[in-house]
Amino acid sequence: MRNTLKADLLFFIMVLIHLGAVTFFTVLSIRKISVEYSTNQSLLLSQLLILIPVGIYLLITKTNPFKLIRFKKIDVATIFMVILLTFLIMPLITFINSVSMLFSNNNVLTLTNELTGNSFLLNLLLMAVIPAISEEFVFRGILFHTYRKSSVLYGVVISGIVFGLMHLNFNQFSYAFVLGIVFALLIEATGSIYATMIAHFFINGNSVVIMALSNKVWGGLEQSSQQLQSQLTPKYLIMIAGVYGIIAVGTTALAIGVYIWIGKHCKRENHLRAVFMIRKGEDKFILRKAISIPLIVSIVLCLSYMVLSEVVQANYNENVEIEQDVEDIENTLSIEL
């Protein structure tokens, strides 16, 4: 299980660097040391924080990424079917997102507010193009391809967990985990990381398009986000989850059909059958031997930070509501006087 340990150590280092960066900026904020950086710079920094440790890892282990990762060309038909599969799983992702928002905060709405000043192409570059390349290179490229050496199915699941945890909030973890599994399976069906880069681009690109359309319709995304925030009551979220849950049943079934077609078209149906077969004898995969201390510590660190963030955000929202109530009372009194 040496391969899984190497991947676990890399994930552990990535978590430490991310949390270290968060702690650094938090300390600066507490000490009231002004560090001015834009949301654009923050997005680029988040990508660098995963690319730099991976680059160091490749140098130390003398790993050739072009030999580890499958950069196989895919034909036009496969590209179109990958895009179709991507759009077919979006209702499922919306359903999961709606359910998770019943229990956790949505940080993406805040982020989209801060990107309204950018052009459409700049947002597409920052939110879709760069993440599709860098995150797929790291999570499906280096991590998944390292994990799968011990067991493809284990690699699929654990790479999805790792991908979800690195978002460091429960809301994004919920659907990023599912997407991580779908993307890893897509690599197994096509034999190429290009397929997941395309799928990742269209998932994020769809959000950019919606953000741009909202900006035009409402004359400013900030106003529309405020409207959405006020509507995100538990009753509203349950209704959205119910609607998209029903839609997702049909579209996910169709997505599975498209996935089977992709596997057959790429002549990898026998490989896919082998992926889901339970190995026995000497080739049997033993889960307890694959899970290492670095992986456990990394998961605990991520979950602890995610819980702490939810608590802090809940306290902040409560204080804002109290301040708003006080302001409303003062306004009422001033009118009465």
Side-chain angles (χ1 to χ4, degrees), residues 1-18 50-51 53-72 134-167 173 176-197 199-200 259 262-263 266-303:
M1 301 301 173
R2 185 181 175 185
N3 290 314
T4 60
L5 179 59
K6 287 166 62 177
D8 292 342
L9 287 170
L10 174 57
F11 175 49
F12 176 66
I13 293 170
M14 290 167 59
V15 170
L16 288 182
I17 291 176
H18 258 76
I50 62 172
L51 286 173
V54 168
I56 296 172
Y57 166 84
L58 293 176
L59 289 174
I60 293 176
T61 59
K62 296 180 180 179
T63 301
N64 185 342
F66 295 100
K67 289 184 178 180
L68 175 66
I69 305 170
R70 289 167 288 177
F71 290 97
K72 175 187 172 184
S134 62
E135 292 179 12
E136 290 309 307
F137 175 78
V138 171
F139 293 100
R140 254 64 61 187
I142 304 302
L143 287 172
F144 170 63
H145 278 85
T146 303
Y147 279 125
R148 75 182 297 280
K149 289 181 180 180
S150 297
S151 166
V152 175
L153 200 56
Y154 174 76
V156 168
V157 176
I158 197 63
S159 65
I161 292 173
V162 166
F163 182 56
L165 287 174
M166 282 305 298
H167 287 78
F173 167 80
F177 164 62
V178 175
L179 284 174
I181 289 177
V182 172
F183 290 164
L185 288 174
L186 200 51
I187 285 181
E188 294 304 317
T190 61
S192 175
I193 196 172
Y194 291 134
T196 64
M197 288 182 175
H200 198 146
Y259 180 80
I262 292 173
C266 296
K267 296 179 172 57
R268 292 179 64 83
E269 62 267 33
N270 291 331
H271 168 74
L272 292 177
R273 290 193 191 98
V275 166
F276 293 99
M277 287 180 61
I278 299 175
R279 292 186 288 178
K280 298 180 180 180
E282 293 182 358
D283 293 333
K284 184 178 179 180
F285 175 77
I286 303 175
L287 180 62
R288 66 176 181 274
K289 290 185 178 180
I291 298 176
S292 66
I293 292 177
L295 177 63
I296 295 172
V297 173
S298 300
I299 292 174
V300 170
L301 285 173
C302 289
L303 291 176

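Residues take their numbers from the sequence shown, with the count starting at 1.
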Once you round to the nearest 0.5 Å, how far does [atom1] of [X] lie from [atom2] of [Y]?
{"X": "I187", "Y": "T196", "atom1": "CD1", "atom2": "OG1", "result": "4.5 Å"}
{"X": "I158", "Y": "L153", "atom1": "CD1", "atom2": "CG", "result": "12.0 Å"}
{"X": "C302", "Y": "I161", "atom1": "SG", "atom2": "CD1", "result": "11.5 Å"}
{"X": "S192", "Y": "R268", "atom1": "OG", "atom2": "CZ", "result": "9.5 Å"}
{"X": "L165", "Y": "I299", "atom1": "CG", "atom2": "CD1", "result": "6.0 Å"}
{"X": "I193", "Y": "L186", "atom1": "CD1", "atom2": "CG", "result": "11.0 Å"}

By side chain to side chain contact (heavy atoms under 4.5 Å, CB included) - contacts of [X] (at least two apart):
{"X": "I50", "value": "M14, H18, Q47, E135, V138, F139, M166"}
{"X": "L272", "value": "E188, A189, Y259"}
{"X": "I181", "value": "V156, F177, L185"}

List the residues meeting ring pair (Phe, Tyr, Trp, His ring centres under 6.0 Å) with [X], not counting sequence neighbours, and say none if there are none.
{"X": "F144", "value": "none"}
{"X": "F11", "value": "none"}
{"X": "F12", "value": "none"}

- When the ring planes of F66 and F71 are compared, do they come out parallel, tilted or perpendicular, using 30° and 60° as the limits? tilted
- Evaluate the ring planes of F163 and H200, with Trp represented by its six-membered ring, and classify them as parallel (under 30°), tilted (30 to 60°) or perpendicular (over 60°).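 Rings of F163 and H200: perpendicular, over 60°.
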Shortest non-hydrogen separation from [X] to [Y] and the atoms involved:
{"X": "P53", "Y": "L10", "value": "O-CD1, 3.8 Å"}
{"X": "G164", "Y": "F173", "value": "C-CD1, 3.2 Å"}
{"X": "P294", "Y": "L9", "value": "CG-CD2, 3.6 Å"}
{"X": "Y57", "Y": "K6", "value": "OH-CE, 3.6 Å"}

- Message: Using the salt bridge (Lys or Arg N to Asp or Glu O under 4.0 Å) criterion, which residues pair with E136? Sequence neighbours excluded.
- Response: R140
- From the options V15, I13, L303, V162, select the one residue that forms a side-chain contact (heavy atoms from CB on, under 4.5 Å) with S298. V15
Could you work out, with side-chain hydrogen bond (donor to acceptor under 3.5 Å, both in side chains) as the rule, every residue matching [X], not counting sequence neighbours?
{"X": "N270", "answer": "R273"}
{"X": "T63", "answer": "T61"}
{"X": "H145", "answer": "R70"}
{"X": "S159", "answer": "none"}

- Message: Counting only heavy atoms from other residues, nucleotides and ligands, does the tally under 6.0 Å from CD1 of I293 exceed 12?
- Response: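 Counting other residues, nucleotides and ligands, CD1 of I293 stays at 12 neighbours or fewer.
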- Item | K149 and L68, any side-chain heavy atoms less than 4.5 Å apart |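 Answer yes - side chains close enough.
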- Query: D8 versus Y147: any side-chain heavy-atom pair under 4.5 Å?
  - Reply: yes
